[in-house]
Protein chains: 2
Amino acid sequence: MTDSSLAQVLRSHGLRMTPQRQLVLDAVRQLGHATPEQVHNAVQRVADSVNITTVYRTLELLEELGLVTHTHLSHGAPTYHPADEDQHIHLVCRDCGTVEGVEPELLAPLARELRRQRGFEVDIGHVALFGRCGTCGGRDDR
Amino acid sequence: MTDSSLAQVLRSHGLRMTPQRQLVLDAVRQLGHATPEQVHNAVQRVADSVNITTVYRTLELLEELGLVTHTHLSHGAPTYHPADEDQHIHLVCRDCGTVEGVEPELLAPLARELRRQRGFEVDIGHVALFGRCGTCGGRDDR
DNA sequence: CTAGGTGCAAATAGTTTGCAACTAC
DNA sequence: GTAGTTGCAAACTATTTGCACCTAG
């Protein structure tokens, strides 16, 4: 494949392929969960002239194209991750800040119930649950 | 009761009762779910000289005192609500932005499972689920 | 060539901090 | 009287926007 899928998707929307866009997508894929700033850092390691503005614009674009999605974890920080990756629930530890992913199936019964009771369709990939992780909860050092 | 419970709680921590603190707490109770800015607006309707800085500081204080809690709904704005109010899960509609609360019992089986599998303690009152509400989902106007 | 894309600087929004004046007790 | 509290202005952080220059196709 001389032409990456990103280029194809972009072209099919009448948009241009640029090195910046490839780098941002690569960074999101490599990082798994990352804030715009973390993506920017990762991109800069490869091409230090890329501006954070471009990162913001590119993340927004990639999201519109359905290549990445974002979730709001802990405080306000949005974190981006590849859209094609397996959907997962984010568990955010309020003490150590660690984010772990769990299989979305765990949310299925709840999702079903909300749909039945309220007609509410939960966006599973967008879910973040706050609490205290096993490591922090085990030792009660609060 | 000549002395409100807020005054009592404050005093028991060596802190002072002020009109601003009562107004902020009242606003949170009255609004149910509100961002700092919304709280500020509500407070200003009663006492327009109250500064938003004071609102931020007071919300933080009331949270430390266990009188209010906050959750991160949709984008970045934190929303505060009374801590003594029944805990509830927040359902945030991605289309209309409406926030509705549902009984936390629905989350209990999931919480139990996460505790068992991961040792992760979900903070139920802090949970927000994103998706599409019945009203927006019913008419597929996307 | 030329419309889309980028970098830079400035604007904006949300929140925090330093500090002098004020007030609850 | 005095330490806790407030208002104001300034500082900060995160994100967005305007615009001239650049480049993919």
Side-chain angles (χ1 to χ4, degrees), chain A residues 2-4 6-25 27-28 34-41 43-44 46-65 67-68 70-80 97, chain B residues 2-4 6-25 27-28 33-44 46-65 67-68 70-80 97:
Chain A
T2 49
D3 208 17
S4 75
L6 174 56
Q8 289 170 30
V9 174
L10 287 168
R11 199 157 317 120
S12 75
H13 286 257
L15 301 169
R16 290 182 192 167
M17 176 59 170
T18 66
Q20 289 90 335
R21 287 173 176 177
Q22 186 66 62
L23 288 169
V24 168
L25 181 55
V28 171
T35 61
E37 196 185 350
Q38 291 171 322
V39 171
H40 183 222
N41 289 339
V43 169
Q44 283 199 319
V46 184
D48 71 340
S49 68
V50 177
N51 196 283
I52 193 159
T53 302
T54 301
V55 172
Y56 277 107
R57 286 191 281 226
T58 304
L59 287 171
E60 190 182 353
L61 176 66
L62 294 177
E63 185 152 33
E64 278 166 19
L65 295 175
L67 296 173
V68 308
H70 81 277
T71 310
H72 294 281
L73 307 181
S74 48
H75 69 293
T79 70
Y80 287 80
Chain B
T2 49
D3 208 17
S4 76
L6 174 57
Q8 289 169 28
V9 175
L10 287 168
R11 199 157 317 120
S12 74
H13 287 258
L15 300 168
R16 290 184 190 164
M17 176 60 171
T18 65
Q20 288 90 334
R21 289 175 175 174
Q22 185 66 60
L23 288 169
V24 169
L25 181 56
V28 170
H33 291 107
T35 62
E37 197 185 349
Q38 292 170 324
V39 171
H40 183 219
N41 288 339
V43 169
Q44 284 199 320
V46 185
D48 71 339
S49 68
V50 177
N51 196 280
I52 193 160
T53 301
T54 300
V55 172
Y56 277 107
R57 287 192 281 227
T58 304
L59 287 172
E60 190 183 351
L61 175 68
L62 294 176
E63 186 152 31
E64 279 165 19
L65 294 176
L67 296 173
V68 307
H70 80 278
T71 310
H72 292 281
L73 307 181
S74 51
H75 71 293
T79 70
Y80 287 80

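Atom set for the values below is all heavy atoms of this structure, side chains included, hydrogens, waters and symmetry mates excluded. Residue numbers begin at 1 in each chain, while the letters A, B, ... track the order of the sequences.
Gln38(B) places its CD atom 15 Å from the C1' atom of dA13(C), with the value rounded to the nearest Å. Here dT6(C) presents its P atom at 12 Å from CD of Gln22(A), a figure rounded to the nearest Å. Across the protein-nucleic acid pair, Leu59(B) atom CG and dG14(C) atom C1' stand 13 Å apart, rounded to whole Å. Rounded to whole Å, the distance from CG on Asn51(A) to C1' on dA14(D) is 14 Å. Rounded to an integer number of Å, the gap from Leu10(B) CG to dT5(D) P is 8 Å. With rounding to whole Å, His13(B) atom NE2 is found 17 Å from dT5(D) atom C1'. Glu60(B) places its CD atom 14 Å from the C1' atom of dT5(D), with the value rounded to the nearest Å. Between the CD atom of Glu37(A) and the P atom of dT15(D) there is a distance of 8 Å, given to the nearest Å.
Considering Thr71(A), Val24(A), Val68(A) in turn, Val68(A) is the only one that fulfils the side chain to side chain contact (heavy atoms under 4.5 Å, CB included) rule with Tyr80(A).
When the side chain to side chain contact (heavy atoms under 4.5 Å, CB included) test is applied to His33(B), the partners found at least two apart in sequence or on another chain are Thr79(B), His81(B), His88(B), His90(B), Val99(B). For His70(A), the side chain to side chain donor-acceptor pair (under 3.5 Å) partners are Glu63(A), His72(A), not counting sequence neighbours. Listed by chain and residue number, Gln38(A) satisfy the side chain to side chain donor-acceptor pair (under 3.5 Å) test with Thr35(A) (two or more places apart in sequence, or in another chain). Taking the side chain to side chain donor-acceptor pair (under 3.5 Å) definition, one finds that Asn51(B) meets it with Thr53(B), sequence neighbours left out. Residues satisfying the side chain to side chain donor-acceptor pair (under 3.5 Å) test with Glu60(B), not counting sequence neighbours, are none.
Of all heavy-atom pairs spanning Pro78(A) and Pro36(A), the tightest one is O-CD, 3.5 Å.
Dashed line: the shortest gap from a side-chain N or O of Gln20(A) to OP1 or OP2 of dG7(C) is under 4.0 Å. Remark: Arg21(A) is not in phosphate contact with dA24(D), judged by side-chain N or O atoms under 4.0 Å from OP1 or OP2.
Over its length, the helix from dC1(C)-dG25(D) to dC25(C)-dG1(D) turns its helix axis by 30°, as judged from the five terminal pairs at each end, rounded to 10°.
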Sequence-aligned protein contact record of nucleotides 18-25 of chain C, with B where the base is within under 4.0 Å of a protein heavy atom and S where only the sugar-phosphate is: B----BBS
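Of the candidates dG14(C), dT16(D), dG7(D), dG14(C) carries the atom nearest the Tyr56(B) side chain, counting heavy atoms from C-beta on.
Between the His40(A) side chain and the Thr54(A) main chain, no donor and acceptor come within less than 3.5 Å of each other.
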Sequence neighbours left out, cut at 3.5 Å: what donor-acceptor pairs do the side chains of residues 12-21 of chain A make with other protein atoms?
from	atom 1	to	atom 2	distance (Å)
Ser12(A)	OG	Val9(A)	O	2.7
Thr18(A)	OG1	Arg21(A)	N	3.2
Arg21(A)	NH1	Arg16(A)	O	2.7

